[in-house]
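So the structure is just underneath, and the comments pick up after that.
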Amino acid sequence: MRTHTCGVLRKEDDGQQVRLCGWVDTVRDHGGVIFIDLRDRYGRTQVIFDPDDSREAWAQAEKCRAEYVIQVEGVVELRPGDMANKKIATGDIEVRCNSIRVLNKSNTPPFPLEDAQAIKVSEDLRLTYRYLDLRRVGMQKNIRMRHKITQAVRAYLDGAEFVEIETPIMTKSTPEGARDYLIPSRVAPGTFYALPQAPQQYKQLLMVAGMDRYFQIARCFRDEDLRSDRQPEFSQIDMEMSFITPEDIFAVVDGMLVEIMKTAGHGDIQTPIQRITYAEAMDRYGSDKPDIRFGMEINDLSDLFEKTDFKVFGRVIEGGGVVKAINAKGLGGAPIRVMDDWTAMAKDAGLGGLAYIRVQEDGTWKSPIVKFFSDAEKAALQERLGMEVGDLVLFAADSKEKANVALGRLRLLAGEMAGVIDKKAFAFTWVTDFPLFERNDEGRLQSMHHPFTSPRFEDLALLDEAPETVRAQAYDIVLNGVELGGGSIRIHDPALQERMFKALQIPADEIKDRFGHLIRGLGFGAPPHGGIALGLDRLLMLMVGAETIRDVIAFPKNQKAQDLMMNAPARVDAQQLKDVYIEVIIDEDADEN
RNA sequence: GGGGGCGUAGCUCAAUUGGUUAGAGUACCAGACUGUCGAUCUGGUUGUUGCGGGUUCGAGUCCCGUCGCUCCCGCCA
């Protein structure tokens, strides 16, 4: 149908007879001559209709509207004089058209398809007409970058001896972790498949199967509440390797990230990617996914206030807590409203309140608490935090965990407000040595990563008497404060795996029911193995600088997990329900739900 | 489950202290125009101010409820 696309014609093509197809981008009708910008995936080309060339083509062009699909035939010409359009790649030429065919008309688009305007349009409208939204230059770029990066990943992993293997989408519900999406079975009434939250057990069993190195761009499903960087179905670059140490995983992923960054046009990154332990990340950044693009680190001041007269600090330290602070440099003039917001946030993070010092123009400190400080304490504080005119110091006095988390959140807000975060930077870091367990709300022990994670062997002795201090062979890869992925060395010894389930207080019959297959598999010569999974959507979001994960997914769900274009989820026929032995019970008047 | 923001023309937004017939840009329709590229010019159409109720002489504006979208906390092994 076409001899060229709308993005390829150049000066050199002058005089060529061509046929182009595409969408009408804009029509500029001068009464006589008519210009139509024709657009396709590859670019935009100006087509000119002159009544003197073909009265018939000109008359048809006059009727064209935005998003009509047309085919034009004509001759490539250099644009006269200084009429070149430097904004587009084909701006030196135009196609003088003598024949046009309208391949399809279009209704008036419900929103403008020009990027600058479209990004302001309410997202539910964009999602309802996603096929139009995807027609935009910006979205096309994102989706193509997704393709290019997955291709680069495949090529890289193929080169590193990884084998791409698909694992089932219909599988078995996992006990811990996120809520599962369920599929009823017709053949076995009353039973259900679950969609995988991750191919975790399959990939481990592929190691038992001797595949040695597996990868998959794996679709994962988690029925939890959505965020701007979370979708109920998302993709992971999922990998598993046999006979390896964590160093091998770091090396493979470092190399892959180099390729990805290059593909995305962000140049070379330094490897090996830096590493920080979980404990240090929490101490210095108050987060297990530290944004290391800027400073404002958290300082421990407990030693300065050990013998303080300020009772609020003194009591906390006596009780085993800490006094910590960040110096939000340059924010001494932050308005009261901001301080109120931050105080509320600190309280939300579990603190009793938020103490602060503003360093005023004349160098004096404005603060409700400094009057309780001794001269020595003030001097030490000044020295420790490098306090200067215009600074704002935020204090947290509480348990180490609460102080870290609260200051970690405030640090991000402060960094943003102070404008000290380099938006063009790509700051990667590994976070290593995560704890093996954490306590949930009921005080029960649960896996921080997942129950197949190997403890560090030197900590094994502590498994029974002090499980919370046991470190895992688990690690996350973090970019600009966003968790890109995580992995671990797995347990390959069935005895240790059983011991782990016992530590988690999972009853014996449940272990057998839910993990029997894995333990059995480990019993048939499972090699030492480990792996990692990287969130592809999040990675892409950062690579293209998108605000939300939805901008790098062709057909995403909205915050209510609905597909507005397809109108899913939806009710189904009574017969369909009957087939799978499902009865829908909705209590319309219920107070709850 | 909790907190914040938003909801006015197809789209993006405005509307003073509660006060006349709810406006602008754009889109759309018609006309004019032979070198534009955000074409321009003239004219025109377009409204359940999300929905329901209340206060008031009078509500886009105030109150109550409700719905929708979105951001955050919880949640996400």
Side-chain angles (χ1 to χ4, degrees), chain A residues 25-38 44-53 58 65-67 77 79-88 90-91 94 96 107-129 132 174-180 196-198 200-201 220-232 234 341 344-345 347-350 405 409 412-413 434 436-438 440-441 445-453 472 474 483 486 488 500 504 506 514 533 535 547-548 550 558-560 562 564 592-593:
Chain A
D25 199 61
T26 51
V27 183
R28 292 179 295 280
D29 184 349
H30 287 255
V33 68
I34 297 171
F35 299 100
I36 287 182
D37 286 342
L38 197 60
R44 237 167 71 200
T45 299
Q46 174 165 287
V47 183
I48 177 168
F49 298 86
D50 193 317
D52 300 338
D53 296 334
W58 173 84
R65 296 291 178 269
E67 302 311 312
E77 286 182 355
R79 296 202 193 179
D82 57 351
M83 302 291 174
N85 183 353
K86 293 189 174 59
K87 285 187 228 163
I88 58 175
T90 61
E94 62 195 358
R96 183 164 289 274
N107 296 321
T108 302
F111 58 90
L113 298 194
E114 202 222 330
D115 280 339
Q117 293 176 62
I119 54 173
K120 296 201 296 187
V121 172
S122 74
E123 206 174 347
D124 53 333
L125 193 69
R126 286 175 49 200
L127 290 176
T128 304
Y129 298 93
L132 292 179
T174 49
E176 295 190 52
R179 215 169 285 118
D180 285 315
Q197 296 176 29
Q200 183 60 35
Q201 295 180 51
C220 305
F221 305 86
R222 296 177 190 177
D223 186 5
E224 295 293 345
D225 285 348
L226 281 67
R227 290 279 192 286
S228 55
D229 64 350
R230 268 167 30 191
Q231 282 276 301
F234 60 100
D341 280 358
M345 161 143 269
K347 285 181 178 166
D348 195 47
V405 169
R409 286 188 196 169
L412 294 177
L413 296 175
F434 273 77
L436 188 62
F437 301 115
E438 61 188 344
N440 67 10
D441 294 338
L445 224 49
Q446 64 182 38
S447 295
M448 194 140 178
H449 187 49
H450 57 54
F452 321 112
T453 304
E483 180 196 329
S488 62
M500 196 61 54
L504 290 165
I506 302 175
R514 321 210 88 143
E547 299 260 317
T548 91
R550 299 182 292 275
N558 72 359
Q559 198 167 39
K560 284 233 171 117
Q562 297 162 317
L564 292 177
E592 294 164 78
N593 297 331

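Proteins come first, then strands; the chains are lettered A, B, ... in the order of their sequence lines, and each starts at number 1. Treat the numbers as computed from the prediction; the structure is a model and nothing was measured.
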Base, sugar-phosphate, or nothing: which does [X] touch, judged by heavy atoms less than 4.0 Å apart?
| X | answer |
| --- | --- |
| A/Ala344 | nothing |
| A/Thr453 | nothing |
| A/Asp223 | nothing |
| A/Glu547 | nothing |
| A/Gln197 | nothing |

Short side-chain N/O contact to B/C69 OP1/OP2 from A/Gln562, under 4.0 Å: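 Yes, A/Gln562 has a side-chain N/O under 4.0 Å of OP1/OP2 on B/C69.
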
Under 4.0 angstrom between A/Arg28 side-chain N/O and B/A39 OP1 or OP2: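 So the side-chain polar atoms of A/Arg28 do come within 4.0 Å of the phosphate oxygens OP1 or OP2 of B/A39, strictly under.
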
Per-nucleotide protein contact string for nucleotides 3-10 of chain B, where B marks a base within reach and S marks sugar-phosphate only (heavy atoms under 4.0 Å, - for neither): -------S

Which residue pairs pass the salt bridge (Lys or Arg N to Asp or Glu O under 4.0 Å) test when at least one of the two sits in residues 108-120 of chain A, sequence neighbours left out?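 As it turns out, the salt bridge (Lys or Arg N to Asp or Glu O under 4.0 Å) pairs with a partner in residues 108-120 of chain A, which skip direct neighbours, are A/Asp115-A/Arg136.
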
Can you list everything that forms a side-chain hydrogen bond (donor to acceptor under 3.5 Å, both in side chains) with [X]? Sequence neighbours excluded, please.
| X | answer |
| --- | --- |
| A/Gln197 | A/Thr174, A/Asp180 |
| A/Glu483 | none |
| A/Asp225 | none |

N/O to N/O distances under 3.5 Å, protein versus nucleotides 71-73 of chain B:
from  : atom 1 : to       : atom 2 : distance (Å)
B/C71 : OP1    : A/Arg550 : NH1    : 3.3
B/C71 : OP1    : A/Arg550 : NH2    : 2.6
B/C71 : OP2    : A/Gln559 : NE2    : 3.4
B/C72 : OP1    : A/Ser228 : OG     : 3.0
B/C72 : OP2    : A/Ser228 : N      : 3.3
B/C73 : OP2    : A/Arg227 : NE     : 2.9

